[in-house]
2 protein chains.
Amino acid sequence: MSKAANTRLNILHKAFELIYTKGYQTTSIDEIIATTQVTKGAFYYHFKTKDEMGVAIIEEILKPTMQEHFIQPTEASQNPIEDFYNMISYLLLEDPFLQVKYGCPVGNLTQEMTPWNTKFSEALAELVDLWKATIIKSIEKGKETGLIRAEVVGEQVAFFILSGYWGIRNFGKLQNDNSSYLVYLKELKSYLNGLK
Amino acid sequence: MSKAANTRLNILHKAFELIYTKGYQTTSIDEIIATTQVTKGAFYYHFKTKDEMGVAIIEEILKPTMQEHFIQPTEASQNPIEDFYNMISYLLLEDPFLQVKYGCPVGNLTQEMTPWNTKFSEALAELVDLWKATIIKSIEKGKETGLIRAEVVGEQVAFFILSGYWGIRNFGKLQNDNSSYLVYLKELKSYLNGLK
DNA sequence: CATAAAAAATACTAATTAGTATGAAAAGGC
DNA sequence: GCCTTTTCATACTAATTAGTATTTTTTATG
């Protein structure tokens, strides 16, 4: 990778970490260039505006991460119900990057940036739609193999799972300990078993 | 009500509306005093800091509203399952103040202010705990009257309902139309019926 | 190695921010 | 009506913000 591409990626990564922990609006460009050890000239050479950088984070950091960690595993899944639970459980309790007190990066950005910045909204919506579509497909597959009841409606379940995930992450932020996660996961398991 | 108390309440109400639609950080004091037609001297007479005003909004606007609209009705409920659904459905589709594109005021503030402002976190946590506790009590009552299965765990269900609500409001923001609400509500009904 | 283009460094600006200092006007008690 | 306290008005400050203008350095290419 060229040196220039490297600084660009460096900015995106460090900025993402700051934004995840502090929020987008309260993360200043001065702060970003201070932690990246990059000058303002370099920053504005790579990104025309702060918002352009923000959208780049969604498309170049969040999207590939989600593709790799959630889309592909879900597509490969043979047992949707079990794997949905494992996916959420992993995200809540085991993912080494995500922290209880900081919530879900995608959820945070959605909350903070919509409906005021359409570029952000579009990029985030694309991301979420992809995840949702993958879950729906997985449910349909489960219905075919008989692992999921025929009456189950994929779209409804997808919304329900993802909403619950976003919501419980907000609870986690509020209480800053994962006890709420554990309680939530028990009910999630119970709910998912009801789909069998 | 004295004139002074009136300006104070006026500030809180207008500020709350701005914060609900724009977010806390991006709502400036200059903007608040412009829309309230109150001078900066008056503002800082009533509130030592912006954050103090923010906490006052939670305690003096959000809390009483929630008490009146959700706590008391839930306490009076004879049929928890039906009333949980009606409560969420009302909030999503009918409440005249809440708007799809702006999400849930409590959820928004939680997302934006925790974990950085402990005063906000505490005030919000109190609010949410109250709501959660009321739901749990209502479930226990439903178990006694036989409307809810004995194996159902109140705390789990409470987390599940509230998480889903917060989450779907985030979805609503992202898509800015209530079609996702309708899909979600169908699954919520199905989930709640499973508690019988 | 020369040169053009890409990449980055430095110093600045104009606007906005929360908050303050100080004084004037209302309101209430006697 | 006088006086004290409450309430509000005006003008300011210091810090921070995103973004720009300009120059310098680095890199690639002939």
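In what follows, every chain begins at residue 1, and chains take the letters A, B, ... in the order their sequences are listed.
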Rounded distance in Å - CD (A:Gln25) to C1' (C:dT16): 14 Å
What do the steps show when you test A:Asp177 against A:Lys101 for salt bridge (Lys or Arg N to Asp or Glu O under 4.0 Å), and what is the final call? CA-CA 7 Å; A:Asp177 78 84; A:Lys101 63 180 161 187; over 6 Å; no
Between C:dA8 (P) and A:Tyr44 (OH): distance, integer Å: 16 Å
Please confirm whether B:Tyr184 and A:Phe159 have ring centers closer than 6.0 angstrom. no
I want to check one thing: is the phosphate of D:dC8, taken as OP1 and OP2, less than 4.0 Å away from some side-chain N or O of B:Thr7? yes
Ignoring backbone atoms, test whether B:Ser28 places a side-chain nitrogen or oxygen under 4.0 Å from the OP1 or OP2 oxygen of C:dT17. yes
Donor + acceptor pair across side chains of B:Tyr24, B:Asp51 (<3.5 Å): yes
Which residues in residues 45-55 of chain B have a heavy atom closer than 4.0 Å to any atom of DNA chain D? B:Tyr45, B:His46
Could you tell me the separation between the OG1 atom of A:Thr110 and the CG atom of A:Leu124, rounded to the nearest 0.5 Å? 4.5 Å
Atom-to-atom span, CG of A:Asn6 to C1' of D:dT26 - whole angstrom: 15 Å
From OG (B:Ser163) to CH2 (A:Trp166), nearest 0.5 Å: 14.0 Å
Give the C-alpha distance, both sets of side-chain angles, the deciding distance and a yes or no for salt bridge (Lys or Arg N to Asp or Glu O under 4.0 Å) between B:Lys63 and B:Glu126. CA-CA 9 Å; B:Lys63 201 171 175 182; B:Glu126 206 184 315; 2.6 Å; yes
What's the CD1-P distance between A:Ile29 and C:dC12, to the nearest Å? 20 Å
Considering heavy-atom distances to DNA chain D, does B:Val38 or A:Tyr24 have its closest nucleotide positioned more toward the 5' end? B:Val38
Which is true for A:Thr27 with a 4.0 Å heavy-atom rule: it touches a base, it touches only sugar-phosphate, or it touches nothing? sugar-phosphate
For the pair made of CD1 in B:Ile33 and P in C:dT16, what is the distance, rounded to whole Å? 14 Å
Atom CZ of A:Phe43 and atom P of D:dT17: how far apart are they, to the nearest Å? 13 Å
What integer distance in Å separates B:Asp30:CG from D:dC12:P? 15 Å
Would you mind telling me which of D:dA9, D:dT20, C:dT20 lies closest to the side-chain atoms of A:Lys40? D:dT20
Mind checking whether B:Ser138 and B:Phe84 have side chains closer than 4.5 Å, heavy atoms only? yes
